[in-house]
Number of protein chains: 2
Amino acid sequence: MNNKEKLRKAGLRPTKQRMIIADILLDGINRHFTAENLQNEINSSGNSMSIATIYNCLKKFRNCGLIKQVESSKDTAIFDTNINQHHHFLDEETGELIDIENDEVNLRKLPKIPQGYLNNGVEVLIKIKKKI
Amino acid sequence: MNNKEKLRKAGLRPTKQRMIIADILLDGINRHFTAENLQNEINSSGNSMSIATIYNCLKKFRNCGLIKQVESSKDTAIFDTNINQHHHFLDEETGELIDIENDEVNLRKLPKIPQGYLNNGVEVLIKIKKKI
DNA sequence: CAAGTAGTTTAGAACGATTTTAAAGTAAAA
DNA sequence: TTTTACTTTAAAATCGTTCTAAACTACTTG
């Protein structure tokens with residue numbers, strides 16, 4: 001399926017700007033990035049785009065499940081092209097994130113989901129720090 | 001141990017402002033809060049404090065291990081008075097966090113920590129959403 | 001206790017990420 | 001086509017947080 005079809009399937013109009021971003025992000029390679037990182041990639045691909053459009057687009061992509069947003073208390077939002085359930089190592093000093101594939105983690109016991117709620121995904125974060 | 005002693009032990013001068021905050025936060029009750037929540041509590045306790053002081057203080061308390069900061073992609077920093085290793089349910093719609101005690105979760109298998117790093121804490125986040 | 005000094009508080013300015021605005025542009029529907 | 005709804009844009013606005021630099025205060029040392 002090409003990117004135009006992916007956007008259509010997600011219910012998004014395949015505009016010029018969304019196609020530029022889809023061509024960068026939806027190449028099957030897993031990576032973490034910020035809005036600013038993406039703008040730099042867009043610029044170096046010879047295109048340009050308003051930062052507002054980039055934010056709009058990332059929000060739409062996230063809401064449609066084309067990308068994920070990482071839970072992180074950094075001041076800048078971090079997105080992830082790996083949309084499968086998976087986990088992260090986080091170096092709190094540098095903010096660096098490293099993927100952990102889902103089958104690397106095995107939960108023996110999970111708590112009871114609160115009354116009236118459904119489980120909507122489990123994320124394990126392993127904070128790491130450099131050995132001295 | 002009283003709050004003045006707790007601050008001293010943590011290497012912090014027990015100033016008037018830090019004591020006001022310690023009296024609110026270090027009462028043994030677990031809760032999640034933002035800087036603004038705390039300022040409201042300070043105000044309704046009949047005191048007042050510059051927002052800069054509140055941020056300074058929360059940062060110092062966090063660095064000393066008197067409180068924790070929750071990993072969350074919300075736009076506002078969320079702090080936690082529960083400093084034991086524990087986990088959270090997160091309702092992404094509302095941002096509501098619910099504690100999960102450490103013994104409610106049991107990890108059968110953990111990935112190998114990357115070369116040159118130490119494990120510095122594991123956090124499990126279970127995203128939940130309201131049943132329709 | 002007195003005087004020094006190092007750390008702390010403050011209001012307000014500054015900052016950086018993100019969102020809003022409102023006008024111009026574009027894709028899809030009729 | 002023409003219309004309609006959605007999208008993009010630059011610039012302004014907003015919001016949480018940090019910085020600044022001056023006033024203040026806790027602790028140290030004499």
Side-chain angles (χ1 to χ4, degrees), chain A residues 2-24 32-43 45 47-64 66-67 69-80 92 95, chain B residues 2-24 32-43 45 47-64 66-67 69-80 92 95:
Chain A
N2 63 32
N3 287 336
K4 186 171 275 191
E5 288 167 346
K6 282 185 196 166
L7 291 176
R8 283 234 162 77
K9 198 177 157 203
L12 297 176
R13 277 190 192 175
T15 63
K16 180 166 160 278
Q17 289 79 356
R18 287 176 186 161
M19 286 300 292
I20 291 169
I21 290 180
D23 287 344
I24 292 172
H32 305 116
F33 63 96
T34 64
E36 200 194 348
N37 295 155
L38 179 56
Q39 188 170 46
N40 291 337
E41 284 203 68
I42 291 167
N43 291 339
S45 77
N47 294 290
S48 78
M49 205 175 294
S50 161
I51 191 69
T53 304
I54 293 173
Y55 277 106
N56 284 342
C57 188
L58 288 174
K59 211 190 278 190
K60 294 266 187 189
F61 277 34
R62 191 228 305 132
N63 293 344
C64 294
L66 292 172
I67 60 175
Q69 183 170 356
V70 178
E71 294 293 332
S72 139
S73 54
K74 290 206 69 185
D75 47 359
T76 308
I78 299 171
F79 296 89
D80 194 338
E92 289 182 292
Chain B
N2 63 31
N3 287 335
K4 186 171 276 193
E5 287 167 346
K6 282 186 197 167
L7 291 175
R8 284 233 161 77
K9 197 177 157 206
L12 297 177
R13 275 191 194 176
T15 63
K16 179 164 159 280
Q17 288 80 355
R18 287 177 185 160
M19 286 299 293
I20 290 169
I21 291 181
D23 288 344
I24 292 172
H32 306 117
F33 63 96
T34 64
E36 199 193 349
N37 295 156
L38 179 57
Q39 189 170 44
N40 291 337
E41 285 203 67
I42 291 166
N43 291 338
S45 77
N47 293 290
S48 78
M49 206 175 294
S50 162
I51 191 68
T53 304
I54 292 173
Y55 277 106
N56 284 342
C57 189
L58 288 174
K59 210 189 282 190
K60 291 268 187 189
F61 277 33
R62 191 232 301 134
N63 292 344
C64 294
L66 293 170
I67 62 176
Q69 184 171 356
V70 178
E71 292 295 332
S72 139
S73 55
K74 292 206 66 186
D75 47 359
T76 309
I78 299 171
F79 296 89
D80 192 338
E92 289 181 290

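The model shown is predicted, which means the values in this text are computed figures rather than measured ones. Chain letters run A, B, ... following the sequence lines, proteins first, then strands; residues in each count from 1.
- Between the C1' atom of D:dA12 and the CD1 atom of A:Ile51 lies a distance of 16 Å, rounded to the nearest Å.
- Separation of atoms CD1 (A:Ile20) and CD1 (A:Ile54) is listed at 9.5 Å; rounding is to 0.5 Å.
- Counting to the nearest Å, the P atom of D:dC6 and the NZ atom of A:Lys60 are 9 Å from each other.
- When each of D:dT9, D:dT17, D:dT25 is scored by its nearest atom to the side-chain atoms of B:Thr76, the top-ranked nucleotide is D:dT17.
- The distance between atom CG of A:Asn56 and atom C1' of D:dA11, rounded to the nearest whole Å, is 15 Å.
- Take A:Asn3 and apply the side-chain hydrogen bond (donor to acceptor under 3.5 Å, both in side chains) test, not counting sequence neighbours, and it matches A:Asp23.
- A:Lys74 comes within 4.0 angstrom of no nucleic acid atom, judged by non-hydrogen atoms across all strands.
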Could you walk me through whether B:Arg13 and B:Lys60 pass the side chain to side chain contact (heavy atoms under 4.5 Å, CB included) test, one step at a time? CA-CA 11 Å; B:Arg13 275 191 194 176; B:Lys60 291 268 187 189; over 6 Å; no
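- The salt bridge (charged side-chain N to carboxylate O under 4.0 Å, His left out) search around B:Glu41 returns B:Arg31, not counting sequence neighbours.
- For D:dT7, the OP1/OP2 oxygens have no side-chain nitrogen or oxygen of A:Lys16 closer than 4.0 Å.
- Among A:Leu66, A:Asn63, A:Leu38, the single residue meeting the side chain to side chain contact (heavy atoms under 4.5 Å, CB included) criterion with A:Leu58 is A:Leu38.
- Checked by atom type, the side-chain pair A:Asn56/A:Thr53 shows no donor-acceptor distance below 3.5 Å.
- Nucleotides of DNA chain C lying under 4.0 Å from heavy atoms of chain A occupy a range whose first and last members, 5' to 3', are C:dA17 to C:dA28.
- Computed from coordinates, the B:Glu36 CD to D:dC15 P distance equals 10 Å when rounded to whole Å.
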Chi angles and distances behind the side chain to side chain contact (heavy atoms under 4.5 Å, CB included) call for B:Thr76, B:Glu36: CA-CA 9 Å; B:Thr76 309; B:Glu36 199 193 349; over 6 Å; no
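- Nearest-nucleotide positions on DNA chain D place A:Arg13 closer to the 5' end than the other of A:Arg13 and A:Met49.
- Here the P atom of nucleotide D:dA10 and the CD atom of A:Gln17 are 10 Å apart, to the nearest Å.
- Where A:Gln69 and B:Thr53 each meet DNA chain C at their nearest nucleotide, the meeting point lying more 5' is that of B:Thr53.
- Going from atom CD1 of A:Ile21 over to atom P of D:dT7 covers 13 Å, rounded to whole Å.
- Put simply, CD1 on B:Ile54 is 13 Å from P on D:dT18, counting in whole angstrom units.
- Distance B:Asn37 CG to D:dG16 C1': 13 Å, rounded to the nearest Å.
- Side-chain N/O atoms of A:Thr15 include one lying less than 4.0 angstrom from OP1 or OP2 on D:dT8.
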